[in-house]
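Please read the structure below before turning to the comments.
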Amino acid sequence: MERVKLLGSEIDTYRFDDAIDYAKANPGQVVTINPEMLDYAQKHPDFANIIKNAELVIPDGIGVQLGLMLMGHNIKRIPGIEFAKRLLTEFQGRPVALIGAKPEILSKTVENLKSELPNLNLVYVHDGYFKDTELILSEVSAKKPELILVALGSPKQEEFIYSLKPLLPNAVMVGVGGSFDVWSGVVERAPEIYQKLGLEWLYRTIKEPKRFKRIFPVLPLFVLKVLKEKWS
Ligand code: UDP
């Protein structure tokens with residue numbers, strides 16, 4: 001399958017089911033990429049290198065889908081939160097680790113996931129507010145999970161997974177951003193109509209206006225940069 005370039009980073013073009021099959025057959029780092037991350041990668045070569053070395057880079061969200069469309073690629077987005085949930089479903093019975101989010105969010109997430117997926121086999125769970133990263137890396141690798149979801153926000157989660165990769169070469173590891181907040185029930189996902197239209201970012205911004213400052217300059221600049229890349 002083809003990888004296509006967007007603002008210097010390469011993105012995989014699988015459809016949802018094929019991306020799941022690929023991740024299962026090719027353990028390693030899964031990056032769910034968005035415009036903010038592409039922007040960050042352009043400015044930080046170490047982060048760009050992590051993306052370059054990821055086993056799978058999926059277009060999470062309408063921003064990246066739009067960027068790819070402007071470059072002439074008709075590729076459907078793969079929401080990271082849905083991708084991660086499907087992996088949890090498919091890995092039932094096999095050892096799984098969850099790392100990230102606030103302690104109370106994480107315990108709510110564990111409770112909800114366990115009732116939804118009765119055969120979920122959690123071998124390691126830790127919140128995302130730790131100081132000693134080395135300790136967490138050694139604790140989680142000792143448990144030998146085969147699927148690890150990391151919710152530390154970007155770029156922290158991608159850096160964490162990159163460090164974990166050599167310790168657990170046979171695991172599928174996904175950076176899942178704010179997914180635990182949603183699964184905990186504390187943060188609601190946008191209503192379906194917003195999801196269908198690719199406007200979750202708009203809903204979240206209305207609900208949480210302080211996000212505006214974070215995403216507002218990024219999206220229009222992202223589109224301009226993509227067009228500049230296309231025409232140069
Ligand atoms: N988070 C964490 N440790 C940190 C920073 C963030 O566990 O040091 C968690 C945070 O609690 C949230 C998740 O990372 O559950 C995603 O954060 P955010 O919404 O900022 O990231 P985004 O999904 O927008 O990239």
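It should be emphasised that the depicted structure is a prediction, and the values quoted were computed from it without experimental measurement. Both ligands and their constituent atoms are indexed starting at 1 by order of listing.
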Proximal ligand 1 atoms for Gly178, defined as those under 4.0 Å from one of its heavy atoms: 16 (C), 23 (O)
Geometric class of the Phe47/Tyr40 ring pair [parallel <30°, tilted 30-60°, perpendicular >60°]: perpendicular
Is Glu82 salt-bridged to Arg86, cutoff N-O under 4.0 Å? no
Looking at atom 3 (N) of ligand 1, what's its closest protein heavy atom, distance included? Gly128 O, 2.7 Å
According to a hydrophobic-cluster definition based on side-chain heavy atoms being under 4.5 Å apart (Ile, Leu, Val, Met, Phe, Trp, Tyr only), do Val30 and Val150 belong together? no
With the side chain counted from C-beta on, respond yes when Pro145 and Val96 share a heavy-atom pair under 4.5 Å apart, and no when they do not. no
Of all the non-hydrogen atoms in the protein, which one sits nearest to atom 22 (P) of ligand 1, and at what distance? Arg214 NH2, 4.0 Å
Provide, to 0.1 Å, the distance between atom 7 (O) of ligand 1 and the closest protein heavy atom, together with that atom's residue and name. Ala101 N, 2.8 Å
Please identify which atoms of ligand 1 are closer than 4.0 Å to at least one heavy atom of Lys156. 4 (C), 8 (O)
Checking a contact table here: which protein heavy atom is nearest atom 15 (O) of ligand 1, and how many Å away? Asp181 OD1, 2.4 Å
With a 4.0 Å cut-off, would you call Arg77 and Glu200 a salt bridge? yes
Got the closest protein heavy atom to atom 13 (C) of ligand 1, with its distance? Gly177 O, 3.3 Å
If we number the atoms of ligand 1 from 1 as shown, the ones under 4.0 Å from a heavy atom of Ala151 are 1 (N), 2 (C), 7 (O), 9 (C), 13 (C), 14 (O)
May I ask you to decide whether Asp181 forms a salt bridge with Lys102, counting only side-chain N to carboxylate O separations under 4.0 Å? no
Which residue supplies the protein heavy atom nearest to atom 17 (O) of ligand 1, what is that atom called, and how far is it? Gly153 CA, 4.1 Å
Answer yes or no: is there an ion pair linking Glu10 with Lys52, defined by an N-O contact shorter than 4.0 Å? no
Within the structure, is a non-hydrogen atom of Tyr129 found at a distance of less than 4.0 Å from ligand 1? yes
Check Lys5 with Glu229, please: is the shortest side-chain N to carboxylate O separation under 4.0 Å? no
Out of Val187, Leu152, Val186, indicate the one that has the non-hydrogen atom closest to atom 6 (C) of ligand 1. Leu152
Can you name the atoms of ligand 1, numbered from 1 with element, that are less than 4.0 Å from a heavy atom of Gly100? 7 (O)
